Amino acid sequence: MDHSKITRLVKKVFRNYKLNNNHAKISAKYLIKAELVGAPSHGLARLKMYCKRLEKKLINPKPKIKIKKISQSISHVDANNSIGFVAADIGIKVAIKNAKKTGIGLVAIKNSGHYGLSSFYAEQAVKKNLMVWCFTNAPPAIAPHGSKKSLFGTNPICFGTPTGNKVPFILDTSVSIINRGKIRVAAKLGKKIPFGVALDKFGNPTINAKKALKGVQLPIAGFRGSGLAWMVDIISGVFTGANHAGKVKDPFDDFSGPQNVGHLFLVLKPNLFVGKNYIKRIKENIKIIKRLPKIKGVKKILYPGQGIISRYQRNLKKGIVIPKNILEDLKKLNAVK
Ligand SMILES: NC(=O)c1ccc[n+]([C@@H]2O[C@H](COP(=O)([O-])OP(=O)(O)OC[C@H]3O[C@@H](n4cnc5c(N)ncnc54)[C@H](O)[C@@H]3O)[C@@H](O)[C@H]2O)c1
């Protein structure tokens, strides 16, 4: 289906669930963008969940979002349980504004929800020639190293910088071996997950997605990944005033209250220390790395973010393929007939 058509349909669904026109537009745009960049686990597969939480008022359709200015550089956003896309969209715009004024923009957000892909917000800063870090916590999925109970989210870490060419460097990675959305989609479609990414509730390795969702996901790089997940929980949860230490609610199956996810955005002017030389320096950096001898089967060394851009452009032309079960969801939400 054509991406602009499906964006309009999704916007209509959000309007039906009482989001105002602007919030519905922002939410639909990000949801469909996830499909376009090839992350369907963060796209249409989540629409039903967002609607269910809106219906139960666990996402506030008419939030009164407060932005408290702490200094010229620092702002604190209380998202009032808005849909995460809207809170994050406002937050990154404030961080960009602060950074343009002072060189550094720091924005902490509390009382938010699942905001999709961190790169969507990072992209906005790099398009303005700024450097950016985005952090968000997420519901329990990973057991802290040494524990058998999951507590940390897949807590993505995202860093972006302009590169002096059309494609920015955007590293946007979960700290779990694979992101939870992929396991949810596999569970929904009855597919297997790769070996070595999750354990079942008894601590045994599993390739069964449903069993993995009830067990624990494994972090990247063992205790190091567990440490990174913990760091993101502190930055996004403890520091911002949001839920932390396993209290972020799972949006799919915990309807006991709002999620209260926290996000942190740090935006910097890249010329702070080396002036106009930054772009020259990063171009040189990338050039050296790309020219390294390659291992067998690798034609090109890519920097993070490069692959996604070409996938996005391809999918813009090709349109979005909607699996049957997601089409059923869309029918139930009156988005398609
Ligand atoms: N909101 C949330 O709660 C939440 C939680 C977890 C993940 N996410 C999002 O899910 C998305 C997917 O996460 P993921 O961990 O599956 O990402 P991924 O494994 O697909 O990619 C991770 C990073 O590696 C880079 N990369 C991939 N292949 C590469 C290659 N061949 N050479 C160089 N770089 C390469 C990508 O550009 C990306 O920056 C992210 O956008 C993340 O923000 C969101």
Side-chain angles (χ1 to χ4, degrees), residues 27 30-31 33-43 45-46 49-50 79 83-89 91-92 109 112-124 126 132-142 150 152-161 163 167-186 193-194 197-198 217-221 225 228-229 232-233 235-237 242-244 248-252 259-265 286 289-290 292 294-295 297-312:
S27 305
Y30 287 132
L31 203 83
K33 199 162 173 195
E35 295 283 341
L36 290 170
V37 298
S41 55
H42 289 267
R46 289 188 181 241
M49 172 275 284
Y50 287 120
I83 194 161
F85 301 120
V86 168
D89 194 68
I92 192 66
I109 306 173
S112 182
H114 182 268
Y115 73 18
L117 276 66
S118 298
S119 57
F120 294 163
Y121 312 101
E123 236 171 55
Q124 298 190 39
V126 291
V132 59
W133 282 260
C134 302
F135 301 97
T136 182
N137 59 4
I142 299 175
S150 61
F152 299 134
T154 49
N155 296 359
I157 295 177
C158 179
F159 165 73
T161 172
T163 53
V167 183
F169 178 112
I170 298 184
L171 172 74
D172 180 14
T173 179
S174 317
V175 291
S176 49
I177 302 179
I178 65 171
N179 77 56
R180 193 164 188 78
K182 282 183 185 160
I183 301 184
R184 284 196 186 285
V185 170
I193 55 168
V197 305
Q217 283 185 245
L218 295 173
I220 51 170
L228 290 171
V232 176
D233 197 40
I235 293 174
S236 323
N243 274 343
H244 61 94
V248 168
K249 295 191 196 298
D250 191 310
F252 289 93
Q259 277 197 286
N260 189 8
V261 175
H263 321 302
L264 191 94
F265 297 140
I286 291 172
I289 293 162
K290 281 191 168 272
L292 288 174
K294 293 156 203 55
I295 56 174
V298 172
K299 281 195 195 127
K300 264 188 201 169
I301 292 175
L302 299 175
Y303 55 79
Q306 262 195 306
I308 287 174
I309 293 279
S310 38
R311 215 179 307 145
Y312 175 71

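Ligands are counted one by one from 1 in listed order, and the atoms in each one are counted from 1 as well. This one's a predicted model, so the numbers in the text were calculated from it and none came from an experiment.
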Between the protein and ligand 1, are there any N or O atom pairs that come within less than 3.5 Å of each other, and if so, what are their names and distances?
unit_1, atom_1, unit_2, atom_2, d
ligand 1, 1 (N), His114, NE2, 3.4
ligand 1, 1 (N), Gly116, O, 2.9
ligand 1, 10 (O), His42, NE2, 3.3
ligand 1, 13 (O), Ser174, OG, 3.4
ligand 1, 15 (O), Ser174, N, 2.9
ligand 1, 15 (O), Ser174, OG, 2.8
ligand 1, 16 (O), Asn179, ND2, 2.8
ligand 1, 37 (O), Gly305, N, 2.9
ligand 1, 39 (O), Ile170, O, 3.2
ligand 1, 39 (O), Asp172, N, 2.8
ligand 1, 41 (O), Asp172, OD2, 2.3
ligand 1, 43 (O), Ser118, N, 3.1
ligand 1, 43 (O), Ser118, OG, 3.4
ligand 1, 43 (O), Asp172, OD1, 2.8
ligand 1, 43 (O), Asp172, OD2, 3.1

Original post:
Sub-3.5 Å donor-acceptor pair from the side chain of Asp172 to the main-chain atoms of Ser119, do we have one?
Top reply: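 Yes, the answer is positive, given that a donor and an acceptor are paired below the 3.5 Å cut-off.
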Original post:
Between Ser27 (side chain) and Leu31 (backbone), is there a donor-acceptor pair under 3.5 Å?
Top reply: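 Side chain of Ser27 to backbone of Leu31: no pair is present.
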Please verify the inter-ring angle class for [X] with [Y]; under 30° counts as parallel, over 60° as perpendicular, anything in between as tilted.
X: Phe85; Y: Tyr50; result: tilted
X: Tyr121; Y: Tyr115; result: tilted
X: Phe159; Y: Trp133; result: tilted

Subject >> Contacts of type salt bridge (charged side-chain N to carboxylate O under 4.0 Å, His left out), residue Asp250, not counting sequence neighbours >> reply: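 Salt bridge (charged side-chain N to carboxylate O under 4.0 Å, His left out) list for Asp250, sorted by chain: Arg184.
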